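Numbered from 1 within each chain, the chains take letters A, B, ... in sequence-line order. Predicted, not measured: the structure shown is a model, and the values here were computed from it.
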There are 2 protein chains.
Amino acid sequence: MYEVFLSKINEKVSLTRQEEAEIVAHLTHKTLRKRQFFLQEGDICRYIALVEKGALRTYVTDMEGHEHITAFALEGWSLGDLCSFLREEPATQNIEALEDCELCLISKPAYETLLQKIPKYETYNRILITEAYIALQKRTRDMISLSPDEQYKAFVNVYPNIVLRVPQHMIASYMGLSPETLSRIKSRISQHK
Amino acid sequence: MYEVFLSKINEKVSLTRQEEAEIVAHLTHKTLRKRQFFLQEGDICRYIALVEKGALRTYVTDMEGHEHITAFALEGWSLGDLCSFLREEPATQNIEALEDCELCLISKPAYETLLQKIPKYETYNRILITEAYIALQKRTRDMISLSPDEQYKAFVNVYPNIVLRVPQHMIASYMGLSPETLSRIKSRISQHK
DNA sequence: TCAATTTCTTGATTCAAATCATTGGGACCT
DNA sequence: AGGTCCCAATGATTTGAATCAAGAAATTGA
């Protein structure tokens with residue numbers, strides 16, 4: 001049931017059987033159908049989720065009501081509106097299933113208990129959030145310093161699975177482009193082979 | 001000497017005298033003159049710094065050689081190329097003093113020792129990096145969802161000190177705009193009062 | 001104090017991407 | 001099969017910001 005979750009932690013720190021049991025006792029499970037929301041803007045994000053199966057997208061809405069995708073998540077990835085989760089404030093992000101999903105959830109009380117009781121869990125979280133920060137920083141750097149063509153090539157290289165599983169107009173949204181522009185970028189790239 | 005550093009930690013966790021002494025023993029001090037670099041692209045980032053006094057900018061260089069400012073740092077803020085620091089890879093960021101600066105440094109060996117020996121230091125770091133992640137996420141969200149005018153107003157509200165201490169064209173660079181465009185935005189805003 | 005640099009503003013032109021509009025191809029229904 | 005919906009590709013037009021250019025204002029430094 002929680003193999004993906006535990007193996008993710010064990011990649012960073014080695015848990016004993018006891019610790020594994022303690023952690024699993026604080027997890028819950030959830031399934032989502034395609035198009036169901038894990039989180040909607042305005043609600044408080046009560047859980048951080050780890051994707052055991054499926055695909056989801058995170059998006060925000062701008063002042064004109066347009067959606068902008070800020071992240072995708074596939075198997076093994078974590079998601080949630082961290083700001084809303086930690087401060088128990090209304091979320092600004094929406095998280096929607098793009099396929100039927102299996103999620104593994106941890107609530108705020110569970111999160112805090114584990115941080116306190118299991119030092120390795122705190123270490124794991126420090127490492128996880130540090131890596132997320134580095135990845136986000138890298139993404140912003142790429143958006144600044146690469147041409148749209150280069151950016152798309154980089155995206156296809158780093159996330160080939162997403163390209164296969166997600167409609168193209170959503171990748172355009174993620175890249176901050178109109179669907180038409182991404183379409184033209186693709187044809188431009190394939191011309192120069 | 002290290003008051004700013006310790007008070008930053010004590011905001012999040014309460015250190016004993018012993019712990020404070022242990023931490024201070026692992027810190028070093030550095031001064032920078034205006035226009036000196038704390039870090040240059042290609043070098044390995046050997047230290048994370050906390051600004052005790054002064055102002056700095058972090059920037060990256062794109063394929064055409066243009067600079068893009070990704071962050072400013074004033075008193076009490078931390079900086080460094082985290083990716084380069086942790087993985088001991090060449091940095092992609094440049095960090096330059098905008099004023100004469102006093103920095104408080106922590107090396108990688110010191111960082112790892114403290115993480116291990118002082119659990120509160122790990123907790124502090126987890127909280128710090130989590131807040132940095134949330135702030136970076138908020139910034140990307142603003143860049144996506146706000147008009148340049150709104151973005152500038154928000155920037156002035158959140159960082160009035162930076163606006164006072166940093167040339168306008170650098171703020172334009174931070175916002176991803178040309179200096180001319182930011183100038184026009186300012187006149188547009190002041191017209192509508 | 002005066003020259004040199006840096007910084008900011010304003011105007012004219014150019015350009016890349018958004019928008020608007022149309023078409024064609026699948027996929028999924030009954 | 002036929003119809004509806006969704007998605008991608010392509011063309012025409014518009015638009016907002018970058019670029020190019022020049023000059024004014026402010027800082028800096030000898």
Side-chain angles (χ1 to χ4, degrees), chain A residues 33-36 55 57 59-69 72 96-100 142-153 155-156 162-193, chain B residues 33-36 54-57 59-69 72 96-100 142-153 155-156 162-193:
Chain A
R33 292 294 196 73
K34 183 172 175 169
R35 285 174 202 275
Q36 266 194 300
R57 66 176 180 129
Y59 68 89
V60 295
T61 308
D62 69 19
M63 290 181 308
E64 280 105 43
H66 299 136
E67 297 177 1
H68 300 267
I69 295 177
F72 296 105
E96 186 200 29
L98 298 174
E99 306 171 358
D100 293 351
D142 284 355
M143 292 197 64
I144 285 169
S145 66
L146 298 183
S147 69
D149 292 43
E150 294 300 324
Q151 226 184 110
Y152 181 69
K153 284 186 207 166
F155 184 83
V156 173
I162 292 181
V163 178
L164 293 175
R165 286 163 73 173
V166 165
Q168 185 173 309
H169 70 270
M170 289 193 182
I171 294 169
S173 171
Y174 177 81
M175 293 179 62
L177 301 172
S178 69
E180 293 92 334
T181 300
L182 182 57
S183 173
R184 285 183 248 263
I185 285 171
K186 276 185 64 178
S187 72
R188 208 151 57 202
I189 290 174
S190 65
Q191 297 231 337
H192 305 307
K193 224 182 300 92
Chain B
R33 291 295 196 73
K34 183 172 176 170
R35 284 174 203 277
Q36 266 194 302
L56 304 94
R57 67 178 179 129
Y59 67 89
V60 296
T61 308
D62 71 17
M63 289 182 308
E64 281 106 40
H66 298 137
E67 296 177 2
H68 301 266
I69 294 176
F72 295 106
E96 186 199 29
L98 298 174
E99 306 171 357
D100 293 350
D142 285 355
M143 292 197 63
I144 285 168
S145 66
L146 298 183
S147 69
D149 292 42
E150 295 299 324
Q151 225 184 108
Y152 181 69
K153 284 186 208 164
F155 184 84
V156 174
I162 293 181
V163 177
L164 294 176
R165 285 163 73 172
V166 165
Q168 185 173 307
H169 70 270
M170 289 193 183
I171 294 168
S173 171
Y174 178 81
M175 294 178 62
L177 302 172
S178 69
E180 294 93 332
T181 300
L182 181 57
S183 172
R184 286 184 248 263
I185 284 172
K186 277 186 63 177
S187 71
R188 208 151 57 203
I189 289 175
S190 65
Q191 297 231 334
H192 305 308
K193 223 182 297 89

Compute the bend angle of the helix from dT1(C)-dA30(D) to dT30(C)-dA1(D) from the end axes (five pairs per end), rounded to 10°.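 For the helix from dT1(C)-dA30(D) to dT30(C)-dA1(D), the axes at opposite ends meet at about 50°.
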Tell me the interatomic distance from [X], atom [atom1], to [N], atom [atom2], rounded to whole angstroms.
{"X": "H169(A)", "N": "dC5(D)", "atom1": "NE2", "atom2": "P", "answer": "16 Å"}
{"X": "M170(A)", "N": "dC7(D)", "atom1": "CE", "atom2": "P", "answer": "7 Å"}
{"X": "E64(A)", "N": "dG16(D)", "atom1": "CD", "atom2": "P", "answer": "11 Å"}
{"X": "Q151(B)", "N": "dA17(D)", "atom1": "CD", "atom2": "C1'", "answer": "14 Å"}
{"X": "L182(B)", "N": "dG16(D)", "atom1": "CG", "atom2": "C1'", "answer": "15 Å"}

Within the structure provided, determine whether E67(B) and R57(B) are in side-chain contact (heavy-atom separation under 4.5 Å).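 Side-chain contact under 4.5 Å: yes.
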I144(B) side chain near D62(A) side chain, heavy-atom distance below 4.5 Å: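 Sidechains of D62(A) and I144(B): no contact.
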To the closest 0.5 Å, what do you measure between [atom1] ([X]) and [atom2] ([Y])?
{"X": "D149(B)", "Y": "K186(B)", "atom1": "CG", "atom2": "NZ", "result": "13.0 Å"}
{"X": "Q151(B)", "Y": "L177(B)", "atom1": "CD", "atom2": "CG", "result": "7.0 Å"}
{"X": "S145(B)", "Y": "E64(A)", "atom1": "OG", "atom2": "CD", "result": "10.0 Å"}
{"X": "L182(B)", "Y": "M170(B)", "atom1": "CG", "atom2": "CE", "result": "13.5 Å"}
{"X": "E96(B)", "Y": "I69(B)", "atom1": "CD", "atom2": "CD1", "result": "8.5 Å"}
{"X": "I171(B)", "Y": "Y152(B)", "atom1": "CD1", "atom2": "OH", "result": "5.5 Å"}

Which residues pass the ring pair (Phe, Tyr, Trp, His ring centres under 6.0 Å) test with F72(A), sequence neighbours left out?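 By the ring pair (Phe, Tyr, Trp, His ring centres under 6.0 Å) rule, F72(A) matches Y174(A).
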Ring pair (Phe, Tyr, Trp, His ring centres under 6.0 Å) partners for Y59(B), two or more places apart: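 If we apply the ring pair (Phe, Tyr, Trp, His ring centres under 6.0 Å) test to Y59(B), skipping adjacent residues, there are no hits.
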Under 4.0 Å, heavy atoms only, any strand: does P179(A) hit a base, just the sugar-phosphate, or nothing?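 Touches nothing.
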Side chain to side chain contact (heavy atoms under 4.5 Å, CB included) between M143(B) and M143(A), worked out: CA-CA 11 Å; M143(B) 292 197 63; M143(A) 292 197 64; over 6 Å; no
If you restrict it to nitrogen or oxygen atoms, what contacts under 3.5 Å exist between nucleotides 19-26 of chain D and the protein, and what is each distance?
{"residue": "dT19(D)", "atom": "O4", "partner": "R184(B)", "partner atom": "NH2", "Å": "3.1"}
{"residue": "dC20(D)", "atom": "N4", "partner": "E180(B)", "partner atom": "OE2", "Å": "3.1"}

Got a donor-acceptor contact below 3.5 angstrom from the D100(B) side chain to the R33(B) backbone?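 No, because the side chain of D100(B) does not come within donor-acceptor range (under 3.5 Å) of the backbone of R33(B).
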Just by modelled atom types, is the L146(B) backbone N or O under 3.5 Å from a matching donor or acceptor in the D142(B) side chain?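 No, because the side chain of D142(B) does not come within donor-acceptor range (under 3.5 Å) of the backbone of L146(B).
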For DNA chain C, note the earliest and the latest nucleotide, 5' to 3', having some atom under 4.0 Å of a heavy atom belonging to chain B.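 Under 4.0 Å from chain B, the extent on DNA chain C is dT7(C) to dA12(C).
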Look for any protein N or O under 3.5 Å of an N or O in nucleotides 28-30 of chain D and output each such pair with its distance, or none.
none

dC6(D) phosphate, OP1 or OP2, under 4.0 Å from Q168(A) side-chain N/O: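 Looking at the OP1 and OP2 atoms of dC6(D), neither is under 4.0 Å from any side-chain N or O of Q168(A).
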